[in-house]
Amino acid sequence: MTDPHRIAALASLAALRKDAEVAAFAAAKRQVRAIGTRIGALDEALAEARQTAANSADPASFAAQDAFGRWTEAQRLRLTERLHEAETLAEDRRDAARLAFGRSEVLGRLTRKAEAERRLRRAKP
């Protein structure tokens with residue numbers, strides 16, 4: 001078997017990498033949620049503007065709502081594009097975190113196995 005000290009060092013590095021990848025995945029998921037929240041806020045604001053315009057007979061109110069609707073749709077389109085990009089990044093980060101987690105687990109098991117073998121060798125007369 002490989003040197004136990006080397007395996008332990010690799011396990012430590014793998015654990016650090018795992019932590020970094022999990023943190024990157026969490027940050028990417030927060031970004032996805034933040035963009036989704038902004039889209040929801042835009043939709044809510046547009047619904048309120050439409051309701052206000054519907055309750056008014058003022059042509060200026062309809063014109064303002066129409067302009068706001070066009071602006072909101074442009075913003076929503078831009079945010080939807082960013083959301084798709086953020087979701088793709090989050091998927092990539094998730095895959096990297098899974099891989100790093102697996103490596104860390106395997107190296108951790110190898111470290112424990114090497115340590116157990118070392119103890120057995122010391123215990124034998």
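Predicted model, so just to flag it, every value in this text is computed and none were measured. In this chain, residues are counted from 1 in sequence order. These values consider heavy atoms only, across backbone and side chains, with no hydrogens, waters or symmetry-generated copies.
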Point to revise | Which atom of Ser104 lies closest to which atom of Ala15, heavy atoms considered | key: OG-CA, 3.7 Å
Check your understanding: In Å and rounded to the nearest 0.5 Å, what is the CD to CZ distance from Glu91 to Phe25?
Key -> 9.5 Å
Exercise for review: Would you give the length of the straight line joining atom CG of Asp92 to atom CD of Glu21, rounded to the nearest 0.5 angstrom?
Suggested key: 10.5 Å
**Study point:** Common cluster, Leu99/Val106, ILVMFWY with side-chain heavy-atom separation under 4.5 Å
**Key:** no
**Study point:** pair Asp43-Arg76: side-chain heavy atoms closer than 4.5 Å
**Key:** yes
**Study point:** Any side-chain heavy-atom pair of Arg38 and Ile35 under 4.5 Å
**Key:** no
Practice item. Identify the heavy atoms of Thr111 and Ala11 that sit nearest to each other, and give their distance. Key: OG1-CB, 3.4 Å
Check your understanding: Judged by atom type as modelled, is there a donor-acceptor pair below 3.5 Å linking the side chain of Asp66 to the main-chain atoms of Phe62?
Key -> no
Check your understanding: When you measure from the side chain of Thr88 to the backbone N and O of His84, does any donor-acceptor pair fall under 3.5 Å?
Key -> yes
Exercise for review: First locate atom CG of Leu77, then atom CG of Leu42, and finally report the distance between them rounded to the nearest 0.5 Å.
Suggested key: 11.5 Å
**Study point:** NZ-CG distance between Lys29 and Leu89, expressed to the nearest 0.5 angstrom
**Key:** 11.0 Å
Check your understanding: Same hydrophobic cluster for Phe101 and Val22, using side-chain heavy-atom links shorter than 4.5 Å among ILVMFWY?
Key -> no
Point to revise | From CZ (Arg6) to CG (Leu110), nearest 0.5 Å | key: 12.5 Å
Review point. Under a 4.5 Å cut-off applied to non-hydrogen side-chain atoms, are Lys113 and Arg109 in contact?
Key: no
Exercise for review: Only counting residues at least two apart or in another chain, list the ones meeting ring pair (Phe, Tyr, Trp, His ring centres under 6.0 Å) with Phe68.
Suggested key: Trp71
Study note, to complete from the structure: Glu73 and Leu46 have their tightest heavy-atom pair at OE2-CD2, 3.9 Å
Point to revise | Value rounded to 0.5 Å, distance of CD in Glu105 from NZ in Lys18 | key: 6.0 Å
Exercise for review: Mark yes when over 12 heavy atoms from residues, nucleotides or ligands other than Arg17 sit less than 6.0 Å from its CZ; otherwise mark no.
Suggested key: no
